[in-house]
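Quick note: numbers below take in every heavy atom, side chains included, and nothing from hydrogens, waters or symmetry partners.
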Amino acid sequence: MSQVVSSPSRTGSPIVAPSPVGAPLPSKGLFGTIGQDAPAGLVVFLVALPLCLGISLASGAPLLAGVIAGIVGGVLVSLLSGSAVSVSGPAAGLTVVVLSAIATLGSWPAVLAATAVAGVIQIGLGLARAGIIALYFPAAVIRGMLAAIGIILILKQLPHFFGADADYFEDMNFLQFNGLNTFSAIGAAMRALSPGSVLVGVVSLLILLLWNTEPVKRQPWSRLVPGALIAVLASVAINGLLKKFAPNVQVLPEHLVKLPVLSSLGQLAGEMTFPDFSALRKPATYGVAFTIAVVASLETLLSVEAVDNLDPQKRHTPTNRELLAQGAGNLVSGLLGGLPLTAVIVRSSANIAAGAQTKLSAFIHGLLLLTSLLFLGAVLNLIPLSALAAVLLLVGYKLTPPALYRKQWKLGREQFVPFIITIVAVLFTDLLKGVSIGLALGFFFILRDNAKAGSYLRREEVDADDAETPEALLHLRLPEHVSFLNKASIVTTLEQLPTNSRVILDGSRSDVIDHDVLEAIEAFRQAAPARGIELELRGIRQVALGTH
């Protein structure tokens, strides 16, 4: 058994031999959770399909590029990732980057070469263990980001719900490409709504709400048949009836899913675009690759930190491994003609809301994207976007429930102010800019209140009289002042504790323990039994970790 020999040094030396972290498969086996993961994968597929297509359009890339990135994210990245419930694919945050890259390099094949290079850079970041920066994202900012995304999802999906959308399906920016903004787009949609889309959207939303009621949730069949599938099937049937009996109010073709219809593998190969490696001779290609790698990595780290926060089982994603997985994904996506990809919060949130248990759900969603591209294009093009908008409206509400705001308010000013400022900043700019503003404010509070922070957990010897098995008892004492700046070293220490051991985590001498550290300790307390660790907390209050 690995033994604790010292506290982590300032150079980052571990105190024990590393133990596996991440999302181990449940004891039921690889397919033991397929009853929950398969329906969740289907829901994510239904949501991801129009998102992939919409981001392709917004990026100025071929429609196929977004679907290819979604397939790579689902099939390859899910296998390599250590996250149990995150879903990867093309992200709205990279649309401006890709548009600019096409203008800079002059062609889409040149951007594909840069995307492949960006994947190699991300692999290098993973090997260099750059993922540790995710531990320095304050919880208040992450919650603010999730709440802001929930609000944006609701606001952005309303035009699609009304059948008067002029923007692509996953635009998260306040200022839109068509000259409108988030609020003016809703006003324009209200003035030009489509009765058929509204009818389909309302029925779909009612079905989803019904599926979330306790009487339905208690039925065994409701866990095998997702409400989103019933809503989508109902929407297709309703529009079919409208087309036959009331063609004047049917959902217009421009408000249906628009998947490229392919009849054979040969046609698929003919539609694919491959990298122009001659672009590697241009210095500008490497500048574009570096930009893609940095933006994709930051969005990925933010996403997995947020997903861990939402995960009911509070599993921890190994961030360095995630960078390696995303790098491999971008390398392959670039080689096959796909858009750059990241871990994506919207799809991951839908995955969690649908009851996913393991990474099998993300893998299934990738297989479904591949199957739809080859065989189901004509069928899927019958789905009204207003039905899918109803799914995202419900996901958005779950990300920003009123209880979340009450909870943050009760935690005090240091937690509430960065939380609310992050929401406002993300809402009126975009994801990365808004989070950057929230981080700056969060770090201001941290630095102000914890100017001298920087202590580490320490190991103390235990006398033989204190325990029946002193060799297995580890006494870890928190320092006098524990700030958020201690979080990375504390989390690393707890992750590296040997399995099947007794641990005393002692905060009795600590005057202050930051709330973020308390949450990290509570997450470890909940996960400890699975590793055979018997944990005793002294002088440390427990905090409630709820899902949003």
Colleague: Judged by modelled atom types alone, do H515 and Q415 share a side-chain donor-acceptor pair under 3.5 Å?
Modeller: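 Not at all, the side chains of H515 and Q415 share no donor-acceptor pair under 3.5 Å.
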Colleague: If I compare all heavy atoms of A231 with all of A387, which pair ends up nearest, and what's the gap?
Modeller: O-CB, 4.5 Å
Colleague: Parallel, tilted or perpendicular: which one describes the rings of W409 and F416, with boundaries at 30° and 60°?
Modeller: perpendicular
Colleague: Within the 4.5 Å heavy-atom criterion, are L155 and F183 side-chain neighbours or not?
Modeller: yes
Colleague: Return the CE to CZ distance between M145 and F137, rounded to the nearest 0.5 Å.
Modeller: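 Here the interatomic distance stands at 8.5 Å.
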Colleague: What's the verdict on side chain to side chain donor-acceptor pair (under 3.5 Å) for Q313 and Q357, showing C-alpha distance, side-chain angles and the deciding distance?
Modeller: CA-CA 9 Å; Q313 299 183 42; Q357 300 296 307; 3.1 Å; yes
Colleague: To the closest 0.5 Å, what do you measure between CZ (R541) and CD (E522)?
Modeller: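 These two atoms lie 10.5 Å from each other.
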Colleague: With a 4.5 Å heavy-atom cut-off, do V85 and R315 have their side chains touching?
Modeller: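 Side chain of V85 against side chain of R315, heavy atoms only: contact under 4.5 Å found.
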Colleague: Identify the heavy atoms of G438 and T422 that sit nearest to each other, and give their distance.
Modeller: CA-OG1, 3.2 Å
Colleague: Using the side-chain contact (heavy atoms from CB on, under 4.5 Å) rule, take V216 and L210 through it: C-alpha gap first, then chi angles, then the decisive distance, then the call.
Modeller: CA-CA 7 Å; V216 174; L210 176 65; 4.1 Å; yes
Colleague: For F290, is the CZ atom crowded, meaning more than 12 foreign heavy atoms sit under 6.0 Å from it?
Modeller: no
Colleague: Using every non-hydrogen atom in the two residues, find where L323 and A130 come nearest and quote the distance to one decimal.
Modeller: CD1-C, 4.1 Å
Colleague: Inspect the contact between E534 and R525 and indicate whether a charged nitrogen and a carboxylate oxygen are less than 4.0 angstrom apart.
Modeller: no
Colleague: Quick check: do P498 and L474 have side-chain heavy atoms less than 4.5 Å from each other?
Modeller: yes
Colleague: Donor-acceptor pair, T358 side chain versus L360 backbone, under 3.5 Å?
Modeller: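 Flag set: sc T358 to bb L360 pair under 3.5 Å.
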Colleague: I'd like a table of donor-acceptor pairs (distance under 3.5 Å, sequence neighbours excluded) in which one partner is a side-chain atom from residues 121-128, with atom names and distances.
Modeller:
| from | atom 1 | to | atom 2 | distance (Å) |
| --- | --- | --- | --- | --- |
| Q122 | OE1 | N330 | ND2 | 2.6 |
| Q122 | NE2 | S297 | OG | 3.1 |

Colleague: Less than 4.5 Å apart, side chain to side chain, heavy atoms only: is that true for F524 and L497?
Modeller: yes
Colleague: Is the backbone of V96 close enough, under 3.5 Å, to the side chain of S100 for a donor and an acceptor to pair up by distance?
Modeller: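 Pair absent, no side-chain N/O of S100 close to backbone of V96.
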Colleague: Counting C-beta onward and ignoring hydrogens, is there a side-chain heavy-atom pair between R347 and C52 closer than 4.5 Å?
Modeller: yes
Colleague: Quick check: does any side chain N or O of T300 sit under 3.5 Å from a backbone N or O of A343, one acting as donor and the other as acceptor?
Modeller: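 Yes, because the side chain of T300 sits within donor-acceptor range (under 3.5 Å) of the backbone of A343.
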Colleague: For L310 and S349, which heavy atoms make the closest approach, and how far apart are they?
Modeller: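 For L310 and S349, the tightest heavy-atom pair comes out as CD1-OG, 3.7 Å.
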Colleague: What verdict does the side-chain contact (heavy atoms from CB on, under 4.5 Å) test give for I504 and R538, after you've listed the backbone C-alpha separation in whole Å, the side-chain angles of each residue and the deciding distance to 0.1 Å?
Modeller: CA-CA 7 Å; I504 297 173; R538 292 182 181 176; 3.4 Å; yes
Colleague: Within this structure, what is the OG-CG distance for the pair S436 and L441, rounded to the nearest 0.5 Å?
Modeller: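 Here the rounded value is 12.5 Å.
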Colleague: Rounded at 0.5 Å granularity, tell me how far CD1 in I154 sits from CG in L392.
Modeller: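 Between atom CD1 of I154 and atom CG of L392 there are 10.5 Å.
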Colleague: Taking C-beta and beyond as the side chain, do R477 and S508 meet within less than 4.5 Å on heavy atoms?
Modeller: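 Sidechains of S508 and R477: in contact.
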Colleague: When you measure from the side chain of T33 to the backbone of Q36, do you find a donor-acceptor pair of N or O atoms at a distance under 3.5 Å?
Modeller: no
Colleague: Go through the steps to decide whether Q326 and S88 satisfy the test side chain to side chain donor-acceptor pair (under 3.5 Å), and finish with yes or no.
Modeller: CA-CA 8 Å; Q326 297 293 331; S88 297; 2.8 Å; yes
Colleague: One pair to check against salt bridge (Lys or Arg N to Asp or Glu O under 4.0 Å): R143 and E519. What are the steps and the verdict?
Modeller: CA-CA 13 Å; R143 290 200 187 98; E519 287 196 342; 2.3 Å; yes
Colleague: Give, for atom CG of L399 and atom CD1 of I151, the distance between the pair rounded to the nearest 0.5 Å.
Modeller: 10.0 Å
Colleague: Using side-chain contact (heavy atoms from CB on, under 4.5 Å), reason through V344 and T342 one step at a time and then give a plain yes or no.
Modeller: CA-CA 6 Å; V344 190; T342 73; 3.9 Å; yes
Colleague: Are the side chain of D514 and the backbone of V482 linked by a donor-acceptor contact shorter than 3.5 Å?
Modeller: no
Colleague: Would you sort out whether R509 and L478 count as a side-chain contact (heavy atoms from CB on, under 4.5 Å), showing the intermediate values?
Modeller: CA-CA 7 Å; R509 295 184 182 179; L478 292 172; over 6 Å; no
Colleague: If you look at every heavy atom in A185 and L180, which pair is closest and at what distance?
Modeller: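 Here A185 and L180 meet closest at CA-CD1, 3.9 Å.
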Colleague: Name the residue from L302, I437, I421, L439 that meets the side-chain contact (heavy atoms from CB on, under 4.5 Å) definition with V141.
Modeller: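 Among the candidates, only L439 passes.
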Colleague: Which heavy atom of L339 sits nearest to which heavy atom of G66, and what is that distance?
Modeller: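 For L339 and G66, the tightest heavy-atom pair comes out as CD1-CA, 3.7 Å.
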Colleague: For a side chain to side chain donor-acceptor pair (under 3.5 Å) check, start with the C-alpha distance between S81 and E322, then their side-chain angles and the critical distance, and finish with the verdict.
Modeller: CA-CA 5 Å; S81 170; E322 190 65 26; 2.5 Å; yes
Colleague: Would you compute the distance between atom CD1 of I149 and atom CD1 of I345 and round it to the nearest 0.5 angstrom?
Modeller: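 Rounded to the nearest 0.5 Å, the CD1-CD1 separation comes out at 3.5 Å.
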Colleague: Side chain to side chain donor-acceptor pair (under 3.5 Å), that's the test. Do S348 and N351 meet it? Break it down for me.
Modeller: CA-CA 5 Å; S348 302; N351 194 34; over 6 Å; no
Colleague: Enumerate the residue pairs fulfilling salt bridge (Lys or Arg N to Asp or Glu O under 4.0 Å) with a member in residues 125-134, sequence neighbours excluded, ordered by first and then second residue.
Modeller: none
Colleague: Given 3.5 Å as the limit, does a donor-acceptor pair link the side chain of D37 with the main chain of A356, or not?
Modeller: no
Colleague: Closer than 4.0 angstrom, basic N to acidic O: yes or no for K487 and E305?
Modeller: yes
Colleague: Is it the case that the side chain of K314 and the backbone of N309 share a donor-acceptor pair, with hydrogens and angles ignored and the cut-off at 3.5 Å?
Modeller: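 Checking the backbone N and O of N309 against the side chain of K314, a donor-acceptor pair under 3.5 Å is found.
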Colleague: S86 side chain to S83 main-chain N or O, any donor-acceptor pair under 3.5 Å?
Modeller: no
Colleague: Are the side chains of L388 and L46 in contact, using a 4.5 Å heavy-atom criterion?
Modeller: yes
Colleague: May I ask you to check whether F419 and Y405 place their ring centres under 6.0 Å from each other?
Modeller: yes
Colleague: Are I133 and T319 packed together at the side-chain level, in the sense that at least one heavy-atom pair is separated by less than 4.5 angstrom?
Modeller: no
